[in-house]
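Please read the structure below before turning to the comments.
Chain letters run A, B, ... following the sequence lines, proteins first and then strands; every chain starts at 1.
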Number of protein chains: 2
Amino acid sequence: MLEDTAQTLPIAKQNPLAVGGAAASAAASSLAVSTVIFALRPDEESHLKTLWLPLVRRTRDPHRDLWALPGGWLPAGEELAAAAGRTLRETTDLSPRYLEQLYTFGDIDRSPGLRVVSVVYWALVRSEVAERASVGDNVRWFAADQLPPLAFDHNRIVEYALWRLRTKVEYARIAHAFLGDTFTLAQLREVHEAVLQKALDPANFRRSIEASGNLISTDQHVAGARHRPARLYRYDDRANDHDPPGPAL
Amino acid sequence: MLEDTAQTLPIAKQNPLAVGGAAASAAASSLAVSTVIFALRPDEESHLKTLWLPLVRRTRDPHRDLWALPGGWLPAGEELAAAAGRTLRETTDLSPRYLEQLYTFGDIDRSPGLRVVSVVYWALVRSEVAERASVGDNVRWFAADQLPPLAFDHNRIVEYALWRLRTKVEYARIAHAFLGDTFTLAQLREVHEAVLQKALDPANFRRSIEASGNLISTDQHVAGARHRPARLYRYDDRANDHDPPGPAL
DNA sequence: CATCATATAGTCAAACTGACTCAAACCCCG
DNA sequence: CGGGGTTTGAGTCAGTTTGACTATATGATG
């Protein structure tokens, strides 16, 4: 059975979308789960933080040696979101701070040979922790806007995931997923600036964030910098307003 | 093969999520496509327009005799959106004016027996045309907010579809999907009011719609009513701004 | 202690929003 | 055939939000 075969392979060798010839004749279509994993890291040249994501190298056809999104066949007894989270952990040794279904891609010709339908999730992980992320030979982090040609339709998938991230309204939860439990407004603003790719006025940013009521201010301050110490804030979980009644983590 | 079996049945008898015992042992999981179809019709008592949707009666277990979303197994050679559109036409004799993927539901226990993953689409059809919609014994239209207990997790799916419809930002395209090619601002406002479930000030509505730049005014007017004739407008397809680069019809 | 750099507070005008007024234009009724 | 009724379509006005900007606070640095 397809799922079992995939399960026995190390994750980096699993091909999220392809199968061998024998499997292809066994089923008319197969269901895979892939995950677009975003982290924030400082860019080499510009000191600004930018979006990065981990990809895995394919070790078999089709698209052997191309980079692809982490993923695999959906195991029979595993929930969709659980499969995405497991894939993420196996690839990066990290836990998702945010995980949401992105879209289901099922074009007939998106994979040569077998018809593959992929349920794709997108996830956010902590930036600092992503630094020490396990990066084996078959896993590598790429700048999200400088990707090489990927396997299958994965370039298009990443593009869509980026669009969703940038047009997502409820930034509060998302931006805070990139940070620790407490953070300064400057750090939070840095996240917004990295995602939106434009500078934000510190004063106006503070005003709008405070008005949104999603943050609780702590008594702690961060000293050590060469300027007035910044207050630490905490994300307010209670204020998860306008929640989607349906899915969404 | 599952798909072939389903294909030979009349659509009303296809069960979107269930299979017979023989099929259940053949595959570990199965892929279905269902569609939430919205139309706008005048309510019985209140003269206001409200959202309605067609459901099909299940003719076999599980959930025999319960109402369910139209759908069926994904045929091997059919695109996901095409399957949703075909289901829609087979159920209602209508063509979708708007069709978009909603979400993929795959909880392990959402269907007794076999693990079923359903890719769900949501669609909008013209109100006037929906009046003469084919309503056989196994297809019936229901008010969207007064549904009976449905098969599987379909109540939850409809709830989520309603939420998406109401929180969708780009109302221009959506509202116009309920109408003909040309329409008055009053008709357009009626759609918005029905979806949002609240009255809108006509003058302010006009101002905001005109500012959005999504409408082209024609020279025609609608006479015959007991008041000043209203100008007819047309939806501006060019101004499909802020488009998602990825999926979405 | 002067200076630097950012935190934080405040100002101001433009844009936007909701509630409202008012004339225009047509049908209906007497 | 003219007035009442009703909706269209334009405009006003106050309150709110938004973007650009100025000013002060405060610890680190030399």
Exercise. Residues in side chain to side chain donor-acceptor pair (under 3.5 Å) with B/R231, at least two apart?
Worked result: none
For this session: Return the value, rounded to whole Å, for the distance between atom CD of B/E190 and atom P of D/dT8.
Result: 10 Å
Exercise. Whole Å only: how far is the NE2 atom of A/H221 from the P atom of D/dA25?
Worked result: 16 Å
Problem set entry | Interatomic distance, A/R231 CZ vs D/dT26 P [rounded to whole Å] | 12 Å
For this session: Specify the separation, in whole Å, of atom CG of B/L200 and atom P of C/dT17.
Result: 13 Å
Would you tabulate the side-chain donor-acceptor contacts of residues 218-226 of chain A under 3.5 Å, counting partners in other chains and residues two or more places apart, or write 'none'?
residue	atom	partner	partner atom	Å
A/T218	OG1	A/Q220	N	3.2
A/T218	OG1	A/L232	O	2.7

Problem set entry | Side-chain donor-acceptor contact under 3.5 Å, B/Y160 with B/R164 | yes
For this session: Could you state the atom-to-atom distance from CD1 of A/I209 to C1' of C/dT8 in whole Å?
Result: 15 Å
Using atom names, set out every protein N or O paired with an N or O of nucleotides 26-28 of chain C below 3.5 Å, distance rounded to 0.1 Å.
residue	atom	partner	partner atom	Å
C/dC27	O4'	B/A225	O	3.3

Seminar exercise, completed: B/L232 CG to D/dG9 C1', in whole Å, measures 15 Å
Problem set entry | Pair B/K168 + B/E100, salt bridge at N-O below 4.0 Å | yes
For this session: Just do the side chain to side chain contact (heavy atoms under 4.5 Å, CB included) check on A/L147 and A/L55 with the steps written out, would you?
Result: CA-CA 10 Å; A/L147 295 183; A/L55 297 173; 4.2 Å; yes
Exercise. How long is the line joining CZ of B/R206 and C1' of D/dA10, in whole Å?
Worked result: 8 Å
Distance-only criterion, 3.5 Å: show the donor-acceptor pairs between side-chain atoms of residues 183-190 of chain B and protein atoms not counting sequence neighbours.
residue	atom	partner	partner atom	Å
B/T184	OG1	B/A186	N	3.4
B/T184	OG1	B/Q187	N	3.1
B/Q187	OE1	B/T184	N	2.9
B/R189	NH1	B/E193	OE2	3.4

For this session: Check the distance between C/dA7's P and A/E210's CD and give it to me in whole angstrom.
Result: 13 Å
Exercise. B/H176 and ring pair (Phe, Tyr, Trp, His ring centres under 6.0 Å): which partner among B/Y235, B/Y98, B/Y233?
Worked result: B/Y235
Short heteroatom pairs, N/O only, protein and nucleotides 11-18 of chain D, under 3.5 Å:
none

Exercise. Can you name the nearest heavy-atom pair linking B/L88 to B/S95, along with the distance?
Worked result: CD2-C, 4.2 Å
Problem set entry | B/A203: side-chain contact (heavy atoms from CB on, under 4.5 Å) partners, not counting sequence neighbours | B/D201
